[in-house]
Amino acid sequence: MLLCVVGASAPIRISGLLTDQPELSPGPLIEPMPKYDPALIEPKWQAWWAEHDTFRSPRLPAGRKAYILDMFPYPSGDGLHVGHPEGYTATDIVSRFERMRGTSVIHPMGFDAFGLPAEEHAIRTGTPPRESTERNIATFRRQLQMLGFSYDWSREIATTDPSYVRWTQWIFLVLYDTWFDREQQRGRPIAELPIPDVVKDAGEAAVAAYRDSRRLAYQSEAPVNWCPALGTVLANEEVIGGVSERGGHPVVRLPLRQWMLRITSYADRLEQELDSLDWPDSIKKLQRDWIGRSTGAEVDFFLPAAGATEAAVAEAYGQWKQNRAAGGYPEEPPGDVLRIYTTRPDTLYGVTCMVIAPEHPLRVRLTTADSAAAVEAYCEAASHKSDLDRTDLAHEKTGVFTGSHCIHPLTGQPVPIWVADYVLASYGTGAIMSVPAHDDRDYEFANTFGLEIITVVEPLVGESTALFSGRGRAVASGPYTGLTTEEFIPQVGADLEAAGLGRPAVNYKLRDWLFSRQRFWGEPFPILHELDDAGEPTGVIRPLEPADLPVPLPELTDFRPGQTPDPPLSRAGDDWLFVERDGKRYRRETNTMPQWAGSCWYYLRFLDPTNDERFIDPAIEQAWMPVDLYVGGGRLVNQGMILGEMEFTGYRAATGGWVSAGEQGAADAAMKIAPDQVEKQGEHFVLRDAPQVRVESRAYKMSKSRGNVVNPDQIVREFGADALRLYEMFMGPLEATKPWSTAGVGGVRTFLDRCWRLVVDENEDSLTLAAQVTDAEPTDEQQRAFHRMLAKVTADIESLSFNTAIAKMMEFVNFATPQQQRPRKMLGGFVTVLAAFAPHLAEELWSLLGFAAPVSLAAWPEVEACWLYDQTVEIPVQIQGKLRARVVVPADADAATIEAAAAAEPKIAALLAGKQVIKVIAVPGRMVNFVVKG
RNA sequence: GCCGGAGUGGCGGAAUGGCAGACGCGACGGAUUCAAAAUCCGUUGCCCGCAAGGGCGUGUGGGUUCAAGUCCCACCUCCGGCACCA
């Protein structure tokens, strides 16, 4: 330390800015800088931290550990907006705080870099997505570093890195090679799938097909939103009112071969595991609703041959029932039945029509010649509606009669079959029995089309109404009449099962995940399609070997979509597209994976980002997981948790498992948010209902309402990074939606200026410690002020209440500013606390005070409890609960003492005179209340 | 429609059932200055009052309690999520 002491109590001149260690010198001497100038000190300390690897985390934690994870940002071309640094600053404060308390902290950052915007940019400009993505990442990295976040940058990853893509593709291979064992409730290698004898007997192709039907990753024909004019497939959100959001072009729903993930296999297990998770009930409920488990029954309705006479129908129906009674209920619905799912099999006698989804496979067959034109027109129109349109708008019921009937399995009566888009093809069996008297939607439908309404349930109490969807007692229900709903459902379920006409069933709102996109900028699938001699696909699929990974993206010059929904990769050169293996010719899969394929496991790769052997070393994972703090989106938690879970299960299955069964509960919850402080905040905080959405929309509102984007670069230039960080934390609790106010940044900047002046004399020409900075011991008053501040800030960081922590630091500065003696020891302690929030300024002040850098790794001060309590306290005195006076009493005075002191207070004595005191409540150390009469 | 969450000064927001409005912004006053900026020190919920003092105040209406922003009931408003899942 190059200090030149001019006089005992004279200002201390500092000719070097830092310390006496030459290797720590920040480089060229900076001109005298008596004013707080973040533009100088912030880059200086960022460079220092980088040079000294200040925030590098160990490979394995030593002692207490904290995995502090941020939202995985998509590096958009616009760079960071002011919404981003909020969560990032919060986690950075905790990271710095924990580090200073000696915790092993891992706090990484990376980029979720696949995605649509880069591709659209490529289409517009011809720039390859990789180029623009790398440029955008560079901007993001620069901006994040500019804000002084204490990331371990040596762990930076991007989902687009070939070394990362490799493992994303590898995970897919594991999923492809895994089936879900319902009995054991876990994934197992496909080779262990028991093959039924009937399948075995049918030959190798049948066995392969059977396996394919059980794999966690499988192909299916799923409807997508195809916009011919834009030449692209659109997400549901991009389709509004049947036309594309951009351009207003018509959109059709058409089935395309897609890759799916069989998450529904996990529905029960996920729901059960929710019980064991230590999450707020509201979040659990959200999750539970999302899984949407419902129980009920499947029932088959007999479909007579078209045009058969009444007698022939009766005959065939009788035969069918006999066969069913003998052969039981078939796994898959045969062609002669319409299978429906209902949660209320007790309303079977109230069925007045059947309704199938427009996409129902039997639709064409069930449509009679007379009705064909109307049904076709209806379904054509429905295909132009996205799922969103069908559900979003006013639920006006539409539909059309197919012209045919089925036979009621209990009454033998014919029931008309309609097509209506309020029935979703993707749920249950895609067909329902309509019971207008006891279902809102069916009631509306029946009213719209003048269908019969038959009441078969009456409320247990009160009057019967035209529409009653509650539970009650059965009427007009044949042998079941008189049963309550609770008795009826199991009874009829058992009867239907015995008769082979139906069975109890469970359904989920949760759907299997669509895992493929017809896009360029995503991970290619490590899958080959076998071709025959004519070059046509044989339908045989061959996964690549792990050694073949990563499959790179081909070089394309034209990223534009084509006239058909063929993915851009199908236009790749032959050298990429066609592959030979074992003398057979293959064509690569040309779909790509969705953005979340890479982003759902980023938190694992951070722990072991350069591992070439595995996607993560199990020992490392076991040591660092679970994530201790995550401030980000609930939606991300949803999908992250569940996909993470699914991949984990697949992973364990594939590798023989390294997580013992007993530990699964804890390890499975990949995004589990563990530390106590989060629980204290409960749902208000980290586990907000859908914080990601809220954060995004907040940023949107901020920028929209102000008419321009608030750019962090500009704020940092004007006020400094420390001021921006502090502002984001100070304006309110973390979970609240806060409007951006540039004036508020000025307020916290003033606070930082005041911190600066506690240490530096601004009136001198050169950088000079303030004359008040001394080596004296702090006074008792100073000790009290400091330790109270310290205790509050420490507790507030633990509960993530940064706004009140900052308020307390401001109070401390307000206290310290007029102090004529400001002991170096006290200032050092304050700067240590400040370092978690405004690290650049803190480092600078720390050095100026003569301590060895970095304060970022200095020990967090211990709270000395003896300074937290006064000898005396001032307590309120109330009469009838109204504040009338205050008295000063010893802090440890008992109830009788303070009561006496209160009664003796002149004003109280005057008010009590002539009144009868009925009761006195005296709480030691808190208050006294007199209850009087008269 | 269903499920959450929230309503406190001009504004952002504090407040284990025990002094409502910490802290900051804004506003006002003072010191400093030739003057201003900056800085420092004050005042600042509303109403009545020269003052001492008093009254009213946490979306609305009830309730529990010696005591309610905080707990209970009903309602209003806003925000968020889910939403034709049979």
Side-chain angles (χ1 to χ4, degrees), chain A residues 35 280-283 285-286 288-290 292-294 296 340-344 347 355 387-388 390-397 420-424 426-435 438-442 444-445 469 507-511 634-635 683-684 688-691 693-694 697 726-727 730-733 735-748 750-751 753-754 757 762-763 792 801 803-811 813-814 817-818 874-886 907 918-923 925-932:
Chain A
K35 289 238 185 295
D281 286 345
S282 63
I283 299 297
K285 188 180 178 308
L286 206 74
R288 221 164 251 129
D289 288 351
W290 184 58
R293 185 178 203 266
S294 82
I340 59 94
Y341 171 72
T342 179
T343 54
R344 291 294 298 273
T347 59
V355 185
D387 279 349
L388 213 63
R390 285 205 205 171
T391 58
D392 198 32
L393 304 170
H395 300 156
E396 278 167 32
K397 295 290 177 289
D421 66 4
Y422 81 92
V423 173
L424 306 176
S426 53
Y427 184 78
T429 60
I432 62 151
M433 61 179 206
S434 179
V435 185
H438 305 293
D439 181 280
D440 297 359
R441 297 147 303 185
D442 295 343
E444 214 178 300
F445 187 69
S469 56
N507 266 295
Y508 304 93
K509 282 205 259 184
L510 183 68
R511 309 294 154 85
R635 185 168 284 177
E683 67 223 54
H684 296 304
R688 292 172 286 186
D689 283 3
V693 171
R694 207 186 291 175
S697 70
L726 221 53
Y727 169 74
F730 181 60
M731 288 315 284
E735 78 271 19
T737 307
K738 290 159 282 190
W740 177 261
S741 144
T742 304
V745 190
V748 294
T750 302
F751 164 68
D753 281 317
R754 286 164 66 86
R757 284 192 296 268
E762 272 192 341
N763 294 322
K792 175 73 174 158
S801 309
N803 53 335
T804 48
I806 294 167
K808 200 68 190 176
M809 289 192 288
M810 288 174 167
E811 278 185 63
V813 170
N814 291 344
T817 296
E874 188 189 60
I875 61 167
V877 181
Q878 301 172 343
I879 293 173
Q880 307 290 62
K882 284 191 181 256
L883 177 70
R884 293 301 175 188
R886 298 184 173 92
K907 197 172 152 195
I918 308 171
K919 191 174 177 186
V920 180
I921 291 95
V923 183
R926 301 218 69 100
M927 46 74 65
V928 179
N929 187 14
F930 293 97
V931 186
V932 300

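Because the structure is a prediction, the values reported are computed rather than measured. Every chain is numbered from 1, with letters handed out A, B, ... down the list of sequences.
Base engagement by A:Arg511 is indicated by at least one non-hydrogen atom pair under 4.0 Å involving a base atom. Nucleic acid contact class of A:Lys882 (heavy atoms, under 4.0 Å, all strands): sugar-phosphate only. Across all strands shown, A:Gly428 has no heavy atoms under 4.0 Å from either base or sugar-phosphate atoms. At the heavy-atom level, A:Asp753 lies nowhere under 4.0 Å from the strands shown. Residue A:Asn803 is in sugar-phosphate contact alone, with no base atom involved, counting any heavy-atom pair closer than 4.0 Å across all strands shown.
Rounded to whole Å, the separation between the P atoms of B:G63 and B:U8 comes to 24 Å. For the P atoms, the distance from B:A14 to B:C23 is 14 Å, rounded to whole Å. When the P atom is compared between B:U65 and B:G12, the two are found 36 Å apart, to the nearest whole Å. Nucleotides B:U44 and B:A22 are separated by 10 Å at their P atoms, to the nearest Å. With both ends at atom C1', the span from B:C47 to B:G9 equals 14 Å, rounded to whole Å. Between the P atoms of B:G45 and B:G10, the separation comes to 10 Å (whole Å). Between the P atoms of B:A68 and B:G17, the separation comes to 14 Å (whole Å). The C1' atoms of B:C2 and B:C25 are separated by 40 Å, rounded to the nearest whole Å.
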Inset, instruction - Dump the intermediate steps for side-chain contact (heavy atoms from CB on, under 4.5 Å) on A:Thr347 and A:Met433, then the final yes or no. - result: CA-CA 9 Å; A:Thr347 59; A:Met433 61 179 206; 3.6 Å; yes
Legend entry - Criterion side-chain contact (heavy atoms from CB on, under 4.5 Å) on A:Thr817 and A:Arg757, from CA distance to verdict: CA-CA 8 Å; A:Thr817 296; A:Arg757 284 192 296 268; over 6 Å; no
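Of the candidates B:G13, B:C23, B:C40, the closest approach to any side-chain atom of A:Arg754 belongs to B:C40. When distances run from any side-chain atom of A:Tyr427 to the nucleotides B:C82, B:A22, B:A86, the shortest one goes to B:A86. With B:G12, B:G24, B:A86 as the candidates, the nucleotide lying closest to the side chain of A:Leu424 is B:A86. The side chain of A:Ser294 lies closest to B:A86, out of B:C66, B:A86, B:G24.
With its glycosidic angle within 90° of 0, B:G9 adopts the syn conformation.
Across the interface with RNA chain B, nearest-nucleotide mapping of A:Phe730 and A:Thr342 shows A:Phe730 to be the residue nearer the 5′ end. Each of A:Gly746 and A:Gln880 was assigned the nucleotide of RNA chain B with the nearest heavy atom; the assignment lying further toward the 5' end belongs to A:Gly746.
With contacts defined as side-chain heavy-atom distances shorter than 4.5 Å, the pair A:Gln880/A:Val931 qualifies. Between A:Asp442 and A:Ile432, some side-chain heavy-atom pair lies under the 4.5 Å cut-off.
Under the Watson-Crick or G-U wobble criterion, with both distances below 3.5 Å, B:U39 is paired with B:A31. B:U44 is paired with B:G26 under the Watson-Crick or G-U wobble criterion, all donor-acceptor distances under 3.5 Å. The pairing partner recorded for B:G69 is none, the criterion being a Watson-Crick or G-U wobble arrangement whose two distances lie under 3.5 angstrom. Using Watson-Crick or G-U wobble geometry with both donor-acceptor distances under 3.5 Å, B:G21 finds no partner in any strand shown. Under the Watson-Crick or G-U wobble criterion, with both distances below 3.5 Å, B:G4 is paired with B:C79. Nucleotide B:A74 is matched to B:U60 when pairs are restricted to Watson-Crick or G-U wobble geometry with both distances under 3.5 angstrom. Base pairing analysis places B:A51 opposite nothing; no Watson-Crick or G-U wobble pair with both distances below 3.5 Å involves it.
For A:Lys397 and B:C84, a side-chain-to-base donor-acceptor distance below 3.5 Å is present, hydrogens and geometry of angles not being considered.
Considering all non-hydrogen atoms of both residues, A:Pro733 and A:Asn803 come closest at N-ND2, 3.5 Å. Of all heavy-atom pairs spanning A:Met731 and A:Tyr727, the tightest one is CG-CE1, 2.9 Å. The two atoms that bring A:Phe751 and A:Val813 nearest to each other are CE1-CG2, 3.5 Å, heavy atoms only.
Using modelled atom types, one side-chain atom of A:Asn929 and one backbone atom of A:Gly881 make a donor-acceptor pair closer than 3.5 Å. The backbone N or O of A:Tyr422 sits nowhere less than 3.5 Å from a side-chain atom of A:Lys397 that would complete a donor-acceptor pair. Here the side chain of A:Arg344 pairs a donor or acceptor atom with the backbone of A:Ser469 at under 3.5 angstrom.
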Close N/O contacts between protein and nucleotides 17-20 of chain B (under 3.5 Å):
from, atom 1, to, atom 2, distance (Å)
B:C19, O2, A:Arg886, NE, 2.5
B:C19, O2, A:Arg886, NH2, 2.5
B:C19, N4, A:Glu874, O, 3.3

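If you measure from atom NZ of A:Lys808 to atom P of B:G24, you get 12 Å, rounded to the nearest angstrom. Between the P atom of B:C23 and the CG atom of A:Leu726 lies a distance of 16 Å, rounded to the nearest Å.
Within the 4.0 Å cut-off from OP1 or OP2 of B:A22, not a single side-chain nitrogen or oxygen of A:Asn814 is found. OP1 and OP2 of B:G13 both lie 4.0 Å or more from every side-chain N or O belonging to A:Thr804.
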